[in-house]
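Report on the structure given below.
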Amino acid sequence: GYSPTLWGLGHQICGKEMGCSIGLGAVFSALLVAWFVVWLIKARPGLILAAVAAVSLMLVVTPFGWAYEQVWLVFPIVLITGNFRNRWPFLVSSMLFLIISMVSLALLLVAMHQQMDVVSFLVPLLVFILTTLSGSQKNTITNPATV
């Protein structure tokens, strides 16, 4: 139905037609999972980075979910912030958590206007993209206590 996942997006794009919704949700999810697998092979991330990427991926490709489940994104966002601290200016990397929170609040306003929450899938999608861009095993934090 109106789940804030890729399946909910498929449902909204297809005008609530079930066959189309399932097909489109499956295609979107398969593409994102393929991206994850290619990233795992090419970037060779450490176990922690791969796990936090999987958490954000799970939130966006699961067939049904609620926006409040996105609390699981706290750890990936903290890890991303630590990974970007040497690549971005300090203010940008330190404000990442706040920026993602502001995006989440903006999407809440859109959801309130639409009277359904489908667009919140963009938050875990953004976190997933940032996680995969945050580095490989060579330039990422392997110990979260150092963040």
Side-chain angles (χ1 to χ4, degrees), residues 1-16 18 20-40 43 45-85 87-137 139-147:
Y2 302 119
S3 183
T5 66
L6 291 176
W7 297 83
L9 176 66
H11 190 73
Q12 189 173 13
I13 289 173
C14 290
K16 303 175 188 167
M18 190 59 72
C20 175
S21 299
I22 291 172
L24 202 53
V27 168
F28 288 158
S29 296
L31 289 173
L32 208 56
V33 169
W35 177 355
F36 178 67
V37 170
V38 167
W39 173 73
L40 285 175
L47 180 61
I48 293 171
L49 188 61
V52 297
V55 166
S56 54
L57 175 68
M58 176 265 316
L59 287 171
V60 78
V61 301
T62 189
F64 188 79
W66 297 97
Y68 67 80
E69 293 169 345
Q70 293 176 6
V71 72
W72 286 100
L73 295 174
V74 170
F75 187 64
I77 294 169
V78 168
L79 193 69
I80 293 165
T81 301
N83 286 345
F84 280 133
R85 74 176 188 253
R87 287 196 229 162
W88 291 352
F90 172 74
L91 281 177
V92 175
S93 62
S94 65
M95 301 267 304
L96 186 64
F97 211 105
L98 181 60
I99 292 166
I100 292 173
S101 296
M102 291 171 51
V103 168
S104 182
L105 287 173
L107 293 173
L108 175 64
L109 293 174
V110 171
M112 288 171 48
H113 179 72
Q114 291 180 341
Q115 302 279 321
M116 64 179 139
D117 186 19
V118 173
V119 294
S120 290
F121 82 91
L122 290 170
V123 175
L125 181 62
L126 173 65
V127 172
F128 174 73
I129 291 168
L130 288 173
T131 303
T132 59
L133 294 176
S134 73
S136 64
Q137 191 170 13
N139 58 358
T140 59
I141 295 172
T142 55
N143 182 357
T146 63
V147 174

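Computed from a predicted model, the values in this text were never measured in an experiment.
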Residues at least two apart in sequence or cross-chain that pass side-chain contact (heavy atoms from CB on, under 4.5 Å) with I99, listed by chain then number, are M95
Considering all heavy atoms of both residues, which atom of R87 and which atom of S134 are nearest to each other, and what is their separation? NH2-O, 2.6 Å
T62 vs L6 side-chain heavy atoms within contact, under 4.5 Å: no
On a heavy-atom basis, which atom in G65 and which in S3 lie closest, and how many Å separate them? N-OG, 2.8 Å
Measure the spacing between CE of M116 and CD of Q12 and express it to the nearest 0.5 Å. 4.5 Å
Quick one: which of L130, V123, V127, I80 gives a side chain to side chain contact (heavy atoms under 4.5 Å, CB included) with S56? V127
If we only count heavy atoms from C-beta on, is the V60 to T5 side-chain gap below 4.5 Å? no
In Å, rounded to the nearest 0.5 Å, how long is the span from CZ of F84 to CZ of F90? 16.0 Å
Nearest 0.5 Å, please: how far is NE2 in H11 from SG in C20? 10.5 Å
Spacing of T81 atom OG1 and I100 atom CD1 [to the nearest 0.5 Å]: 6.5 Å
Does some side-chain heavy atom of L133 sit less than 4.5 Å from a side-chain heavy atom of I129? yes
How many angstroms lie between atom OG of S120 and atom CG of L122, to the nearest 0.5 angstrom? 8.0 Å
What pair of heavy atoms forms the shortest contact from L24 to C14, and how long is it? CD2-SG, 3.8 Å
In terms of relative ring orientation, are F128 and W35 parallel, tilted or perpendicular, with 30° and 60° separating the classes? perpendicular
Closest non-hydrogen contact found for F97 with I77 is CD1-CG2, 3.3 Å
Heavy atoms of other groups near W72 CH2, more than 12 under 6.0 Å: no
Exactly one of T132, L40, T131 clears side chain to side chain contact (heavy atoms under 4.5 Å, CB included) with L49, and that residue is T131
Does E69 have any side-chain contact (heavy atoms from CB on, under 4.5 Å) partners at least two apart in sequence or in another chain, and if so, which? L59, W66
Are F121 and W7 side-chain neighbours, meaning at least one heavy-atom pair lies under 4.5 Å? no
Donor-acceptor pairs are to be reported for all side-chain atoms of residues 104-113 against protein atoms at under 3.5 Å, with residues two or more places apart or in another chain.
none

Test log, rule side chain to side chain contact (heavy atoms under 4.5 Å, CB included), inputs N83 and W88: CA-CA 10 Å; N83 286 345; W88 291 352; over 6 Å; no
